[in-house]
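Since the structure comes first, as structure tokens, the remarks are kept for the end.
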Amino acid sequence: MTLWIPITVAAALFQTLRFMLQRQLSLGTLSAGGATLARFMYSAPLVAVLIVIYMAQTGQDWPRFRPEFWVYGACGGLAQILATVATVRLFQARNFAVGITFKKTEVMQAVLVGWVVLGDSVSVLGFAAIGLGLVGVLLLSAPPDLVRVRLRDLANRSVALGLGAGLLFAVSGVCYRGASLSIGLEDPLARAGLTLSAVTAMQLVAMVIWLRWRDPGQVTAVWGARRVAVWVGLMSMLGSFCWFTAFTLQNAAYVNAVGQVELILSALASTLVFREAISAREWAGMAVLLSSILMLIVVI
């Protein structure tokens, strides 16, 4: 079944649009935490209503949620929150395209996480593709204004945020696959919708509690920015549903590999929408990283 491929491409498109909107919010009145809350505040209620309607219309019985579902879902949800915060902060330090490229190292890291957590197989050539991807990461690591790159220049905040976001997104993807596979239903859309609904509800509650404690003004600010933030929620809901469905249908590494079309979309957004300059070294790093991902599609 190849249905997961167009679903993954759609997920990448919705995710690019969502990150574009979150970037704009984070450069305005919202903090990184507030911009992250926006995606859950305006998507969790919609997801809950839609999955109830879908289950009723299809006449399916509600499944029993085993303990591993909640463990996978909670771990994946926490990892996604932290990854989103890191990505939004990265947008404040580097241009949009480079930020997304760093974030997309999740593909390489998802292979390793899936191998360790779910026992997904990885070939020797798969590990070679990961090695090639690391070369691309190194090209992207130094600040764009450096003419001569030294080893110590590669250790900076942008690299930590980018690789950290990639690792956390990889963990979330694998955990979501584990959660959806633990549901005893044949319908992949029902499994994806139920997983998404449960996870976004947990994420919404967790983010509201955290921001009320650490940054109380941001909850109100997210509501004040609702004209833009509601679109963040809508794009998040559509993108997450596509990702969850794809993860239900296929290995997380394959899904993340095809999802690298997001690199092309982010480059277009960076140059055409945000009017940001991308250096020759950054273009080279993005090209090498994309090549490694395409190699992963072929060999894994």
Side-chain angles (χ1 to χ4, degrees), residues 6-54 77 80-92 95-97 99-100 103-104 165 169 172 176 192-193 195-208 210-211 215 217-246 259 261-276:
I7 291 175
T8 302
V9 173
L13 174 60
F14 290 132
Q15 182 162 281
T16 300
L17 293 173
R18 188 250 297 174
F19 274 127
M20 290 172 64
L21 293 167
Q22 283 184 302
R23 181 183 186 275
Q24 290 300 100
L25 288 175
S26 70
L27 295 177
T29 59
L30 298 186
S31 66
T36 301
L37 172 62
R39 68 171 297 188
F40 306 126
M41 180 179 287
Y42 296 101
S43 65
L46 284 172
V47 174
V49 170
L50 289 175
I51 191 58
V52 169
I53 294 174
Y54 181 80
Q80 188 179 43
I81 287 174
L82 296 175
T84 303
V85 171
T87 302
V88 173
R89 287 181 176 173
L90 181 58
F91 290 150
Q92 298 169 347
N95 68 52
F96 184 74
I100 290 295
K103 176 257 178 191
K104 296 305 284 186
F169 273 121
S172 70
Y176 291 157
T195 304
L196 178 58
S197 180
V199 170
T200 53
M202 289 190 288
Q203 289 171 319
L204 174 59
V205 172
M207 284 298 299
V208 169
W210 173 259
L211 289 176
D215 196 1
Q218 282 299 299
V219 177
T220 303
V222 172
W223 174 249
R226 59 188 175 276
R227 289 189 177 181
V228 176
V230 70
W231 291 103
V232 173
L234 181 60
M235 293 300 103
S236 175
M237 181 192 72
L238 293 172
S240 295
F241 182 75
C242 289
W243 284 124
F244 277 53
T245 303
V261 68
E262 187 181 355
L263 291 176
I264 299 172
L265 298 174
S266 66
L268 291 174
S270 187
T271 56
L272 300 179
V273 178
F274 297 123
R275 304 295 181 183
E276 296 171 326

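Predicted model, so just to flag it, every value in this text is computed and none were measured.
Annotation: side chain of R18 is in contact with side chain of T84 (closest heavy-atom distance under 4.5 Å). Counting heavy atoms from C-beta on, the side chains of L37 and W210 never come closer than 4.5 Å. Residues T8 and W243 are in side-chain contact: their nearest non-hydrogen atoms beyond the backbone lie under 4.5 Å apart.
The OG atom of S270 lies 12.5 Å from the CG atom of L265; values are rounded to the nearest 0.5 Å. In this structure, OG1 in T87 is found 10.0 Å from CD in Q80, a value given to the nearest 0.5 Å. For the atom pair CG (L21) and CG (L25), the distance works out to 7.0 Å, reported to the nearest 0.5 Å. Rounded to the nearest 0.5 angstrom, T200 OG1 and F241 CZ are separated by 12.0 Å. Taking CG from L196 and SG from C242, the interatomic distance works out to 10.0 Å, rounded to the nearest 0.5 Å.
One N or O on the side chain of R226 and one on the backbone of W223 form a donor-acceptor pair closer than 3.5 Å. Under the 3.5 Å distance criterion, the side-chain polar atoms of T16 are matched with a main-chain donor or acceptor of A12. A donor-acceptor pair is defined here as one N or O able to donate and one able to accept, closer than 3.5 Å; such a pair exists between the side chain of Q218 and the backbone of S31.
By the ring-ring contact (aromatic ring centres under 6.0 Å, His included) test, F19 is found to be paired with F91, residues two or more places apart in sequence or in another chain being considered.
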TODO: Show your reasoning for whether side-chain contact (heavy atoms from CB on, under 4.5 Å) applies to V273 and M20.
DONE: CA-CA 9 Å; V273 178; M20 290 172 64; 3.8 Å; yes
Open item on the list: Show, in sequence, the C-alpha distance, side-chain angles and deciding distance for Q24 and V228, and conclude whether the side-chain contact (heavy atoms from CB on, under 4.5 Å) test is met.
Closed with: CA-CA 9 Å; Q24 290 300 100; V228 176; 5.6 Å; no
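The heavy-atom pair separating A35 from Q22 by the smallest distance is O-NE2, 2.8 Å. Among all heavy-atom pairs drawn from F40 and P45, the shortest one is O-CD, 4.1 Å. Between G239 and A11, the shortest heavy-atom contact is O-CB, 3.8 Å. A38 approaches A229 most closely through the heavy-atom pair CB-CB, 3.9 Å. The shortest heavy-atom contact between L30 and A225 is CD1-CB, 4.4 Å. Here the closest heavy-atom approach between residue G77 and residue V199 is recorded as CA-CG1, 3.9 Å.
Shown are M207, Q203, M41; of these, the side chain to side chain contact (heavy atoms under 4.5 Å, CB included) with T36 is made only by M207.
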